[in-house]
Amino acid sequence: MGSTKNRLLVTSALPYANGALHLGHLAGAYLPADIYVRYKRLMGKDVLFVCGSDEHGAAITIRAKKEGISPKEIIDKYHNLNKDTFQKLGISFDFYHRTSAPLHHETAQEFFKKLLDKGGEFEERTTDQYYDAEYNQFLADRYIKGTCPHCEYEEAFGDQCENCGRDLSPTELIKPVSTLSGKKPELKSTSHWYFRLDNHEEWLRKWIQEGTLEGQAHHDPRSWKKHVIGQCLSWLDSGLQPRAITRDLDWGIPVPVEGASNKVLYVWFDAPIGYISATRQWGIDKKGDPDYWKKYWQSPDSELVHFIGKDNIVFHCIVFPAMLKAHGSYQLPVNVPANQFLNFEGQKFSKSRGWGIEQHEYLELFKSFPNKEDALRYALIRNMPENRDADFKWDDFVDYHDKELADNLGNYLNRVIVLTHKYFDGKCPSPENMPVEGLRSLFEKAEEVGRLIEKFSFKAAIMALMEISSFGNTYLQDVSPWKIFKRDPDSPLIKECIFLSLQNVAILSQLIKPFLPGIAKKMADLLGLPAASEGSIADMFEKLSSGESLINPGHKIGDPEILFAKIDDRKDRSIMDIIDIQKEKLAKIMEEQKPKQPSLKDRITYDDFTKLDIRTARILSAEKVKGADKLLKLEVDMGFEKRTLVSGIAKFFKPDEIVGQQVLVLANLAPRKIRGVESNGMVLMAENEEGKLTFVEPKGSWDIGFPVN
RNA sequence: GGCGAGGUAGCUCAGCUGGUUAGAGCGCAGGAUUCAUAAUCCUGAGGUCGGGAGUUCAAGUCUCCCUCUCGCUACCA
């Protein structure tokens, strides 16, 4: 279950400094980590929470080139933007580092050297790769263009042809050209280091499946999420392969080996080490001790937890642990509570389509909304994609805030404060007997919230928290001090009720801090309590369990104040207007999307057209191609001959439905083997925007084998 | 086709190692109440737990088959 050790290191996935982060990222890897970390701090644990920008990789250099700026300008921009946005949203990193920092380079290089010197962990492989003599460097696949061997598209990239969508390797390209110099690159041999992941398969399986490491219990595998273990075992089952950990590139961390100029560490090797270098830098800056970081990484009384999105599971559960184990001095993570993805109004976030909203955009849009940070945090927690994909909707956002935070919690706090002022002049009354049982039951409810956080069940935890507020409302209703007051203003029942209600509100003000830090502060202020601080939840549990009160008789609370102004407020529509504009924007995108017809291809000549020999034909038989999902093997009658061809239409047509179907066949297409079956020609189909297919056929009954001109 | 995760009330989701009449929030219907932000509280309706077969004294929970959704992957000239 949760951690038992006193020291805890928590990481959130390093954002790639090539763009802004959207709400899905926040809900996936940053918000859950922040809740967990804040809770642990309030429980008095020694917690360190690190993150930072991942600033290497070819995507950044390519973009820099396209925009005519330096990679440095890009990474600076997004490093600062993301760091600043996280801070505004209350993500309480102890340190936000960056992988371009010298200390990170040093750390990654040391790590590499250590594994290299150890022997057996790496192997060197030499392959032929294209080299641009003018620019004096090897070319990443994306930097090479040429003619696609499959479709003859002339602008195909070295890794993929964007015309026919096939994956390529650079050496397959006909007439390759370097995009740097525009000249023909030469094939040159180059060597790279590979990490022997395959050597680590055996212990990884035990570690993940049973939670044991070198025969010792390491963690409880039942506390890991199902989809995390499932995906890891799936990988292990298919066998681990050595993975390249270096690249020929000039943007990144130089490989610390003599003669390895223009080689850098591949980004996936470099990035997770960023967690380590962030810790190191923090230790130097904040503790003045260059070795302080070891307490968190290399000491058995510390626990490591990685928060990530599901796209990162393999790196954090297989690759990075293998690196750490290979190194030998490091602790392995006790859990990797990966979240799934958050969609936005039913569809994936997509920057290019304008679908979704980025974190900084949200803050900007709602700058007039006082509770914007906590309103967002709440909506994302309530709807967190903990075990499956979830969907963010504006309507939910409004409902969660108004119905749960404002109506239930905010109104409850207000009731208690108003009643205290009304009957006791704003001072906590003194109950005739300490309601020990009442305190005890409040304690149990509060503890439950903590238990759920320890289990990484944040959604359930915040609902358990709201349950405390709901319980408070019910309790007030049951006692109804306002009724008692009418007949007996001095009744001890009123004192006890308000006393206990104040204790309950105090509990809420503490427990809510991991989730909604801004609101927690406001609540504490209203109650005249000090803000929650390190260890304060632990202290609270201590007091409650021994029957002590949190707010003592005579304590003066503040004046009533509205904690949550509603979004859907009939007197003030300003926040609702912002949301309506967002909804309209989405509706417009949906509208524009509908007729998604592909744009016209380049003009051709009549001669080009006459090269095509299209014939009328009829399907004689059809069967599924074994082992392929979309393929049908067709026998067609073209009159003068019968042919076999393979067509990717199995998703739409059952074999026996299409026997006898008239079709048009491109008859002079070069034969090609597909899934082991030779295809001689191609059936012409019309395709709509959803990718649905229909046959193109002559009208009525038509003879077969005749040309289409 | 392979692998992974899912398919539980109108909607969004909980249900751990199988065990009494399957739960929560929202929505809906009825009622109570007025300290409070037209808030709150109570009661109720509503589910053959995707379908089928099996194991078991007992299955939403285990096994097998099928089906649908999402993701990765292969193949789609």
Side-chain angles (χ1 to χ4, degrees), chain A residues 1 150-151 164-167 222-223 225-235 237-238 310-311 313-314 340-341 343 348 382-391 393 395-396 399-400 402-423 452 455 457 459-460 462-464 466-467 469-470 472-483 485 494 497-498 501 560-566 569-571 624-632 645-651 666 669-677 679-684 691 693:
Chain A
M1 199 155 287
H150 306 290
C151 71
C164 68
R166 284 183 137 268
D167 288 337
R222 285 174 306 180
S223 68
K225 297 191 186 198
K226 246 165 98 176
H227 65 268
V228 173
I229 292 184
Q231 191 173 333
C232 292
L233 293 180
S234 156
W235 256 66
D237 286 344
S238 57
K310 69 172 163 186
D311 51 330
I313 290 173
V314 169
Q340 309 247 13
F341 288 154
N343 290 322
K348 280 189 211 172
R382 261 312 248 103
N383 199 19
M384 201 169 257
E386 288 176 329
N387 294 309
R388 63 175 107 171
D389 290 356
D391 197 10
K393 295 194 188 76
D395 286 346
D396 291 343
D399 279 356
Y400 288 143
D402 285 2
K403 291 178 176 159
E404 299 183 12
L405 291 179
D407 290 351
N408 194 315
L409 176 67
N411 184 45
Y412 173 54
L413 178 67
N414 193 241
R415 295 174 85 183
V416 174
I417 292 178
V418 168
L419 288 170
T420 306
H421 278 278
K422 206 162 224 162
Y423 302 138
L452 289 165
K455 282 170 67 180
S457 296
K459 213 192 303 190
I462 204 155
M463 287 176 84
M466 291 310 295
E467 171 56 30
S469 168
S470 235
N473 274 317
T474 307
Y475 172 66
L476 277 184
Q477 203 73 23
D478 284 350
V479 180
S480 291
W482 49 91
K483 277 187 186 164
F485 188 81
I494 301 178
C497 175
I498 300 302
S501 294
E561 201 179 295
I562 297 295
L563 195 56
F564 300 97
K566 290 201 204 186
D569 183 340
R570 73 184 64 66
K571 284 160 265 170
K624 287 206 70 171
V625 175
K626 245 197 313 183
D629 227 10
K630 299 185 181 175
L631 300 182
L632 289 186
L645 42 89
V646 175
S647 183
I649 58 174
K651 279 257 153 113
L666 179 56
L669 183 68
R672 190 182 146 75
K673 250 196 173 174
I674 302 161
R675 271 280 168 185
V677 182
S679 180
N680 293 283
M682 153 177 173
V683 177
L684 302 187
L693 300 175

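So that the names make sense, note that chain A is the first sequence line, chain B the second, and so on, each numbered from 1. Remember, it's a predicted structure, so these values are computed and weren't measured experimentally.
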Taking side chain as C-beta onward, heavy atoms only, is A/Ile494 less than 4.5 Å from A/Leu419? no

Out of B/U34, B/C13, B/C35, which has the shortest distance to the side chain of A/Leu419? B/C35

Counting any heavy atom closer than 4.0 Å, what does A/Met463 reach on the DNA or RNA strands: base, sugar-phosphate only, or nothing? sugar-phosphate

When you measure from the centre of the six-membered ring of A/Phe341, is the NZ or CZ of A/Lys348 under 6.0 Å away and within 45° of the axis? no

Selected nucleotide, minimal atom distance to A/Arg415 side chain, candidates B/U17, B/C35, B/A77: B/C35

Residue whose closest nucleotide on RNA chain B lies nearer the 5' end, A/Tyr400 versus A/Leu563: A/Tyr400

Between B/U33 and B/A14 - C1' atom distance, rounded Å: 31 Å

Could you check whether any side-chain heavy atom of A/Thr474 comes within less than 4.5 Å of a side-chain heavy atom of A/Asp478, counting everything from C-beta outward? yes

Rounded C1' spacing from B/C42 to B/U34 in Å: 16 Å

How close or far is atom C1' of B/U73 from atom CG of A/Asp311, stated in whole angstroms? 16 Å

Are any of the side-chain heavy atoms of A/Tyr400 and A/Leu405 separated by less than 4.5 Å? no

Rounding to an integer number of Å, can you tell me how far A/Asp402 CG sits from B/A38 P? 12 Å

Taking atom P of B/A39 as reference, at what distance in whole Å does atom CD1 of A/Ile417 sit? 19 Å

Measure the distance from CG on A/Asn343 to P on B/U69 and round it to the nearest whole Å. 16 Å

Electrostatic pair A/Glu386:A/Lys225 at N-O distance under 4.0 angstrom: no

Taking only the P atom of each, what is the distance from B/G60 to B/C16 in whole angstrom? 12 Å

With the side chain counted from C-beta on, respond yes when A/Cys232 and A/Val314 share a heavy-atom pair under 4.5 Å apart, and no when they do not. no

Among B/A39, B/A36, B/U33, which is the nearest nucleotide to the side chain of A/Asp407? B/A39

Value in whole Å for how far the P atom of B/A39 lies from NZ of A/Lys403: 9 Å

Considering only heavy side-chain atoms of A/Thr474, the closest of B/C42, B/U17, B/A77 is B/C42

Should A/Lys310 and A/Asp389 count as side-chain neighbours, where that means a heavy-atom distance under 4.5 Å? yes

Using side-chain heavy atoms (C-beta onward) and a distance below 4.5 Å, is A/Ile313 in contact with A/His227? yes

Run the side-chain contact (heavy atoms from CB on, under 4.5 Å) test on A/Tyr412 and A/Ser470 for me, step by step, so that the C-alpha distance in whole Å, both residues' side-chain angles and the decisive distance to 0.1 Å come before the verdict. CA-CA 8 Å; A/Tyr412 173 54; A/Ser470 235; over 6 Å; no

I need the CG-P distance between A/Asn473 and B/U33, as an integer number of Å. 18 Å

Taking OP1 and OP2 of B/A39, is either one under 4.0 Å from a side-chain nitrogen or oxygen of A/Lys566? yes

Sugar-phosphate, base or nothing in reach of A/Lys225, heavy atoms under 4.0 Å: nothing

Nearest-Å distance once atom C1' is located in both B/G51 and B/G25: 29 Å

Under 4.0 Å between a side-chain N or O of A/Lys459 and OP1 or OP2 of B/G25? no

Does a side-chain N-to-carboxylate-O contact under 4.0 Å join A/Lys566 and A/Asp407? yes

Toward the 5' end of RNA chain B, which comes first, A/Lys348 or A/Glu386, by nearest nucleotide? A/Glu386

What string of B, S and - do you get for nucleotides 3-9 of chain B, 5' to 3', if B is base contact, S is sugar-phosphate-only contact and - is no contact with any protein heavy atom under 4.0 Å? SSSSSB-

As a test of reading the structure: which of B/A38, B/U33, B/C70 is closest to the side chain of A/Asp389, going by heavy atoms? B/C70

Examine the base of B/A36 for any acceptor or donor lying under 3.5 Å from a partner atom in the side chain of A/Asn411, and report the outcome as yes or no. yes

Between A/Asn408 and A/Asn473, is a side chain to side chain donor-acceptor pair (under 3.5 Å) present by the stated rule, with each step listed? CA-CA 8 Å; A/Asn408 194 315; A/Asn473 274 317; 3.2 Å; yes

Output the pairing pattern of RNA chain B as a dot-bracket string, 5' first, Watson-Crick or G-U wobble with both distances under 3.5 Å, | for cross-strand pairs, [ ] for crossing pairs. (((((((..((((.....[...)))).(((((.......))))).....(((((..]....))))))))))))....

Can you tell me how far C1' in B/C68 sits from the matching atom in B/G15, rounded to whole Å? 22 Å

Please state the P separation for the pair B/C65 and B/C70 - nearest whole angstrom. 23 Å

Taking B/C62 as the reference, what is the distance to B/G6 when you measure between their P atoms (whole Å, please)? 11 Å

Give a yes/no answer on whether the side chain of A/Ser470 brings an N or O atom under 4.0 Å of OP1 or OP2 in B/C41. yes

Rounded C1' spacing from B/U21 to B/G46 in Å: 16 Å

Nucleotide B/G25, atom P - distance to CG of A/Leu409 in whole Å: 16 Å

Whole-Å distance, A/Trp482 CH2 to B/A36 C1', equals 9 Å

Does the side chain of A/Ser647 reach to within under 4.5 Å of the side chain of A/Met682, using non-hydrogen atoms? no

